Peer 1: 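One structure, as structure tokens, below. Some questions next.
To find a chain, count down the sequence lines: A is the first, B the second, and so on, and within it residues start at 1. What you are looking at is a predicted structure, and each value in this text was computed from that prediction instead of being measured.
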There are 4 protein chains.
Amino acid sequence: MNREMKKEQTRQRIKDAALSLFAEQGYETTTIEQVAKLAGVAKGTFFNYFASRDELICELRSVLVMNEVAKLKDKPGPLIPRMRMFIFELVQQLPHNKSVMRALFQGILGSYPALELIEQLMEAIVPLISHGQDNGELRKDMPATMIARLTIQTYYGALIVWSMSNEDEGLNEQIAITFDLFFKGIAA
Amino acid sequence: MNREMKKEQTRQRIKDAALSLFAEQGYETTTIEQVAKLAGVAKGTFFNYFASRDELICELRSVLVMNEVAKLKDKPGPLIPRMRMFIFELVQQLPHNKSVMRALFQGILGSYPALELIEQLMEAIVPLISHGQDNGELRKDMPATMIARLTIQTYYGALIVWSMSNEDEGLNEQIAITFDLFFKGIAA
Amino acid sequence: MNREMKKEQTRQRIKDAALSLFAEQGYETTTIEQVAKLAGVAKGTFFNYFASRDELICELRSVLVMNEVAKLKDKPGPLIPRMRMFIFELVQQLPHNKSVMRALFQGILGSYPALELIEQLMEAIVPLISHGQDNGELRKDMPATMIARLTIQTYYGALIVWSMSNEDEGLNEQIAITFDLFFKGIAA
Amino acid sequence: MNREMKKEQTRQRIKDAALSLFAEQGYETTTIEQVAKLAGVAKGTFFNYFASRDELICELRSVLVMNEVAKLKDKPGPLIPRMRMFIFELVQQLPHNKSVMRALFQGILGSYPALELIEQLMEAIVPLISHGQDNGELRKDMPATMIARLTIQTYYGALIVWSMSNEDEGLNEQIAITFDLFFKGIAA
DNA sequence: CATGAATGAGGTTTCATTCAT
DNA sequence: AATGAATGAAACCTCATTCAT
């Protein structure tokens, strides 16, 4: 048990160190030696935890790739509050550090999985929107796919501008303001 | 005369090759050897045109950094159509190729000038918005800076989602749809 | 313990290989690949021991830069035998290999520290000479600084001509003959 | 005629530029581009005057290699004044610039002709010395070869220390002082 | 004869990865 | 399981030299 926990801790230390360095210097400029040093282990030890540099990067990237989108559809209640809640839950899992966020985006943009990301999100959201339109909650003069897409744009737009701005505003707050306006725009 | 032109052509060939490879593989993975080969010149020739790899990257990045934002404020007429026009002009200058766009974003996210970009845009847009609020064109229940920021978010959100989606929709069209909704949201 | 020793040995092997190649081909013509090969290590290993080519060169150069000149002044007894002894000690520490010696000179001539070398030597020797003049051991019709300078000239002249001559005479012997004549010339 | 002169001038300009850069930065660090620029010609032009970089270097090196030593033996009169005169003539032909001198030494030390230099000088001087011993002008308790060698050592010692010292003293003066003492030491 | 764009071999340096200790 | 020395492929960049203009 103790053994297991220690291993898990080391693994996490390595991931934290990597994310921190990626944020500071970008993906490609960060070397395993730096990561190992910051994590307080030897270079060789790194490879006991991750088979390769790429494995680490993949694992870190997955933070932005929301696997849990699927859960959304199963919950009951009016749509807009449910979406709002869901978006906040997503944001909660993200790193609230601007340069880490930039590093994550950078990583995603350079990888193939990126391209599936939007598609997955679309697949999850479109049925919800359609349902909302049938309910009378959402406007019907736009196709559901378009509304879905605008939602995603709004989400990523908020994230990326937040990550690139110099001010101190919180991500939560920014997301809240942004979606307030957006939900009004797509309401029936 | 002929000599000069040839030089200019070669320079452009190198830039095109680089952009194309950056789009395919990302910034850091692209080597000078690849760029040179695709441009049809020798490795050494590359360095007759760009002092270093970084110099090339900087030059390419500047495409996304809109220096012409400033021109916006001097034009007359009602605000919303003017902004719409301006945004289309911006978009016209961008590469309408998804992977090139992704590469550019990737590059910007990893560089310091990125951070000034948002600020510059804000400085250019805020006065316009204020003016629009005074005119009665724009809603007054939100600070001008917030509206400005939402505008920028909307712009980048549209760009980034377009660049990451697998469908064939045009960027112009996507921008048009997006801002239609947005402008309604911020109108008085 | 064993590990440490091996490292030290490897480091020494690299230095020996480098000196040997510098002697054969000169400083600038010698590549790290050659050094590594002769030392029996991989190119990358070289950089585990020396941060750069320059670091190695600096370290090797320091052989000719006599840090121990200072010790001279503290010893007692008549001056000329003391100086003779001191010069022999200096010579003992030098590489008794003509081409290595040439390589070292070449290196020194191309570096700034070279210029401080003479000055340091002068600072160490002038007081000795002055003292010898006060003692009546050395001639007084020449300023101490001039005698000091002639001493240094004599030393380097002997070294350089030895290193450039094709015969087999030993360096020690050559130095002995040279300074015999010189000391007679500066005695009172 | 005019054509010829212009060519000769350009050739000299190139040599001067090269020597000046060698002095500043050493042999290997100086590129043909730098030389051409300082000489005010294009890179390609350089190769109209010198077949290769090495040819230029060889030609510059020959300044220090005294081909005219041979002439010495044919002159009449007492030996020591004749040698003194000869040495001054040699010195006159050298560059009286410390860093140029260092560069020349550096170049010589890294080339094979260096090794023949001493031998040539010995061959020229030994007969003179022998003759001087027979005359009764020079001491007979040392072999002529040894005196010859000491002469050469004295010469190079003076040159090299002058080139490495930071003071402003002239080379002529330094040589004069040095050989005054030396000639006394070898006189009968 | 002068030019300078093009060439590519060759140099230094970096770094992910392996493996003996 | 942890270490860090060794490895070598591969990157960036330099520069002597060629050659079409």
Side-chain angles (χ1 to χ4, degrees), chain A residues 3 6-7 10 28-37 39-57, chain B residues 1-4 6-7 9-11 28-37 39-56, chain C residues 1-4 6-7 9-11 28-37 39-56, chain D residues 3 6-7 10 28-37 39-57:
Chain A
R3 200 76 159 256
K6 228 173 188 172
K7 265 193 82 168
T10 304
E28 307 293 338
T29 329
T30 299
T31 71
I32 286 181
E33 188 148 21
Q34 290 173 326
V35 172
K37 190 173 182 182
V41 299
K43 221 189 327 180
T45 307
F46 175 91
F47 290 93
N48 291 341
Y49 289 87
F50 297 89
S52 72
R53 189 180 184 277
D54 275 351
E55 192 178 300
L56 166 68
I57 288 183
Chain B
M1 177 89 97
N2 198 3
R3 199 80 163 260
E4 283 293 302
K6 227 174 188 173
K7 251 195 108 169
Q9 269 179 23
T10 304
R11 192 182 173 86
E28 308 292 340
T29 330
T30 298
T31 73
I32 286 177
E33 189 148 18
Q34 290 172 329
V35 172
K37 192 173 180 181
V41 298
K43 214 185 336 172
T45 306
F46 174 91
F47 290 95
N48 289 340
Y49 289 88
F50 297 91
S52 73
R53 191 178 179 280
D54 273 352
E55 193 179 296
L56 167 68
Chain C
M1 175 89 98
N2 198 3
R3 199 79 162 259
E4 283 293 303
K6 229 175 188 169
K7 253 195 106 170
Q9 270 178 22
T10 304
R11 194 183 171 84
E28 308 291 339
T29 331
T30 299
T31 72
I32 286 177
E33 189 148 19
Q34 291 173 328
V35 171
K37 192 173 181 183
V41 299
K43 215 182 338 174
T45 306
F46 175 89
F47 290 93
N48 290 341
Y49 288 88
F50 297 91
S52 72
R53 193 178 179 281
D54 273 353
E55 192 178 300
L56 167 68
Chain D
R3 200 73 160 259
K6 227 171 188 173
K7 267 193 80 169
T10 305
E28 307 292 338
T29 329
T30 299
T31 71
I32 284 181
E33 189 148 20
Q34 291 172 326
V35 172
K37 191 172 181 182
V41 298
K43 220 188 329 178
T45 307
F46 174 90
F47 289 93
N48 291 339
Y49 289 87
F50 297 90
S52 73
R53 190 180 184 278
D54 273 350
E55 191 178 300
L56 167 67
I57 288 184

Peer 1: Expressed in angstrom and rounded to an integer, what is the separation of C:Arg3 atom CZ from F:dT3 atom P?
Peer 2: 12 Å
Peer 1: If you count heavy atoms of other groups shown closer than 6.0 angstrom to CD of D:Glu55, is the number above 12?
Peer 2: yes
Peer 1: Could you pick out which residue, A:Ser52 or C:Asp54, lies toward the 5' side of DNA chain E when each is mapped onto its nearest nucleotide?
Peer 2: C:Asp54
Peer 1: Rounded at 0.5 Å granularity, tell me how far NZ in C:Lys7 sits from CD in C:Glu4.
Peer 2: 7.0 Å
Peer 1: With DNA chain F as reference, determine whether A:Gly40 or B:Gly44 sits nearer its 5' end, using the nearest nucleotide of each.
Peer 2: A:Gly40
Peer 1: Closest nucleotide of DNA chain E for C:Thr30 versus for B:Val41: which of these residues is on the 5' side?
Peer 2: B:Val41
Peer 1: Below 3.5 Å, does any donor atom in the side chain of B:Asn48 face an acceptor in the base of E:dA6, or the other way round?
Peer 2: yes
Peer 1: Quickly work out the D:Glu33 CD to E:dA6 C1' distance and round it to whole Å.
Peer 2: 13 Å
Peer 1: Checking side-chain contact (heavy atoms from CB on, under 4.5 Å) for the pair C:Ile32/C:Phe50: CA distance, chi angles, key distance, verdict?
Peer 2: CA-CA 11 Å; C:Ile32 286 177; C:Phe50 297 91; over 6 Å; no
Peer 1: A:Arg53 and A:Glu28: which non-hydrogen atoms are nearest, and at how many Å?
Peer 2: NH2-CA, 3.7 Å
Peer 1: Searching all strands shown, indicate the nucleotide that pairs with E:dT3 (Watson-Crick or G-U wobble; both distances under 3.5 Å).
Peer 2: F:dA20
Peer 1: Should C:Thr10 be listed as having a side-chain N or O under 4.0 Å from OP1 or OP2 of F:dA6?
Peer 2: yes
Peer 1: Just to be sure I understand the rule, does A:Lys7 reach a base, reach only the sugar-phosphate, or reach nothing, if contact means heavy atoms closer than 4.0 Å?
Peer 2: nothing
Peer 1: Does C:Tyr49 make a side-chain N or O approach to OP1 or OP2 of F:dA6 shorter than 4.0 Å?
Peer 2: yes
Peer 1: When we call it a touch if two heavy atoms are under 4.0 Å apart, what does A:Phe50 touch: a base, just sugar-phosphate, or nothing?
Peer 2: nothing
Peer 1: How many whole angstroms separate atom CD1 of A:Ile32 from atom P of E:dT18?
Peer 2: 10 Å
Peer 1: Provide, to the nearest angstrom, the distance between the NZ atom belonging to C:Lys37 and the C1' atom belonging to F:dT7.
Peer 2: 16 Å
Peer 1: Between C1' on F:dT14 and CZ on D:Arg53, what's the gap in Å once rounded to a whole number?
Peer 2: 12 Å
Peer 1: Quick one: closest heavy-atom pair of B:Gln34 and B:Thr29, and the distance?
Peer 2: OE1-O, 3.7 Å
Peer 1: Please report the distance, rounded to the nearest Å, between NZ in D:Lys6 and C1' in E:dA2.
Peer 2: 12 Å
Peer 1: Kindly indicate whether the side chain of D:Tyr49, heavy atoms from C-beta on, has any atom under 4.5 Å from the side chain of D:Val41.
Peer 2: no
Peer 1: How close or far is atom P of F:dA5 from atom CD of C:Gln9, stated in whole angstroms?
Peer 2: 15 Å
Peer 1: What's D:Phe46 touching, base or sugar-phosphate or nothing? Going by heavy atoms closer than 4.0 Å.
Peer 2: nothing
Peer 1: Give the nucleotide from the list E:dC1, F:dC15, E:dT7 with an atom nearest to the side chain of D:Thr31.
Peer 2: F:dC15
Peer 1: Taking only the side-chain nitrogens and oxygens of A:Thr45, find out if one of them lies under 4.0 Å from OP1 or OP2 of F:dT3.
Peer 2: yes
Peer 1: I need the CZ-P distance between B:Phe47 and E:dG11, as an integer number of Å.
Peer 2: 17 Å
Peer 1: Once hydrogens and angles are ignored, does a donor-acceptor distance under 3.5 Å link the base of E:dG10 to the side chain of B:Lys43?
Peer 2: yes
